[in-house]
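Every value quoted in this text rests on a predicted model; they were computed, and no experiment measured them. Lettering of chains follows the sequences in order, A, B, ..., and the numbering in each one begins at 1.
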Amino acid sequence: MSRRLAPEGVKRNITKRGYARDEERDDAFRQIIRSIPRGRVSTYARVAEAAGYPLFHRAVARLLRKDTLTSLPWQRIVGSGGEIRLKGEFAEEQRLRLRMEGVQFHGERVNMGIYQHELRRWEVLD
DNA sequence: ATCCTGACCCAAG
DNA sequence: GCTTGGGCCAGGA
């Protein structure tokens, strides 16, 4: 069976909790993140929006911080404008990983004009 | 409940 | 170009 993530009718854009299971939201994020191919990148905000949860960019960052070991290509998520948002050695690790995938930088930033991946707005589960 | 902080973002200046 | 302030959501103290 399949279902749309963030189905119609789910309330969004409101500041109260509890309108969607956090786990459901995180699954939506994981789907989107895994859809980014090698050598391409996307941003926190775009992942959130594509998953059906605009304004939840910070939640994407939280997930990546906590969920690094679940085979997510975390290095492919960067800040708007291609900025690396990790700090210190972690930022270096991300740059290294991206460069190994062939992503080139313009100064400190990823060249988004070339490497930004156009995300599909929804994904099918199962 | 309040306060602080963060792998965020964007409009202004 | 960069810096700032305000907005955003959620987790932890």
To the nearest Å, give me how far apart [atom1] ([X]) and [atom2] ([N]) are.
X: A:Leu55; N: B:dC10; atom1: CG; atom2: C1'; result: 12 Å
X: A:Arg109; N: B:dA7; atom1: CZ; atom2: P; result: 19 Å
X: A:Gln116; N: B:dC9; atom1: CD; atom2: P; result: 11 Å
X: A:Lys66; N: C:dC9; atom1: NZ; atom2: C1'; result: 15 Å
X: A:His57; N: B:dC8; atom1: NE2; atom2: P; result: 10 Å
X: A:Phe29; N: C:dA10; atom1: CZ; atom2: C1'; result: 11 Å
X: A:His106; N: C:dG1; atom1: NE2; atom2: P; result: 6 Å
X: A:Asp26; N: C:dC9; atom1: CG; atom2: C1'; result: 12 Å

What's the gap between B:dA7 and C:dG6 when it is taken at their P atoms, as a whole Å value? 22 Å
*asked:* Using atom C1' in both nucleotides, what's the gap between C:dC8 and B:dG6 to the nearest angstrom?
replied: 12 Å
Do A:Leu96 and A:Leu98 share a hydrophobic cluster (ILVMFWY, side-chain heavy atoms under 4.5 Å, transitive)?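 They do not share one cluster, since no chain of ILVMFWY contacts under 4.5 Å joins A:Leu96 to A:Leu98.
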Is there a path of hydrophobic side-chain contacts, each under 4.5 Å between heavy atoms of I, L, V, M, F, W or Y residues, that connects A:Phe90 with A:Val60?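 Linked within one cluster.
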Crowded around A:Phe105 CZ? As in, over 12 foreign heavy atoms under 6.0 Å? yes
- prompt: More than 12 non-hydrogen atoms from neighbouring residues, nucleotides or ligands closer than 6.0 Å to CZ on A:Arg46, yes or no?
  reply: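 It does not: A:Arg46 CZ has 12 such atoms or fewer within range.
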Would you tabulate the pairs of protein nitrogen or oxygen atoms and nucleotide nitrogen or oxygen atoms of nucleotides 11-13 of chain B closer than 3.5 angstrom?
none

Is the Lys NZ or Arg CZ of A:Arg85 less than 6.0 Å from the centre of A:Tyr44's six-membered ring, within 45° of the axis?
no
| query | What distance do A:Leu63 atom CG and A:Asp27 atom CG have between them, rounded to the nearest 0.5 Å? | reply |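 Output value for this atom pair is 9.0 Å.
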Could you write out each protein N or O paired with an N or O of nucleotides 3-6 of chain B at a distance under 3.5 Å?
unit_1, atom_1, unit_2, atom_2, d
B:dG6, N7, A:Arg58, NH2, 3.3
B:dG6, N2, A:Arg62, NH1, 3.2

Next item on the list: Using a cut-off of strictly less than 4.0 Å, decide whether A:Arg97 has a side-chain nitrogen or oxygen near OP1 or OP2 of B:dA7.
Entry: no
Under 4.0 Å between a side-chain N/O of A:Ser80 and OP1 or OP2 of B:dC10, yes or no?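 For A:Ser80, the contact criterion (side-chain N or O under 4.0 Å from OP1 or OP2 of B:dC10) is met.
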Compute whether any side-chain donor of one residue and acceptor of the other, for A:Gln75 and A:Glu93, lie under 3.5 angstrom apart.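 No, because no side-chain N or O of A:Gln75 sits under 3.5 Å from a partner of the opposite role on A:Glu93.
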### Message
Under 4.0 Å, counting only non-hydrogen atoms across every strand here, what does A:Ala59 touch: a base, just sugar-phosphate, or nothing?
### Response
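Nothing, no heavy atom under 4.0 Å.
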Worksheet entry | Short N-O contact, A:Lys87 and A:Glu92, less than 4.0 angstrom |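 Salt bridge absent between A:Lys87 and A:Glu92.
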Give a yes or no on whether a salt bridge exists between A:Glu101 and A:Arg40, defined as a side-chain N under 4.0 angstrom from a carboxylate O.
-> no
A:Trp74 has its side chain closest, among B:dC9, B:dA7, C:dC9, to B:dA7
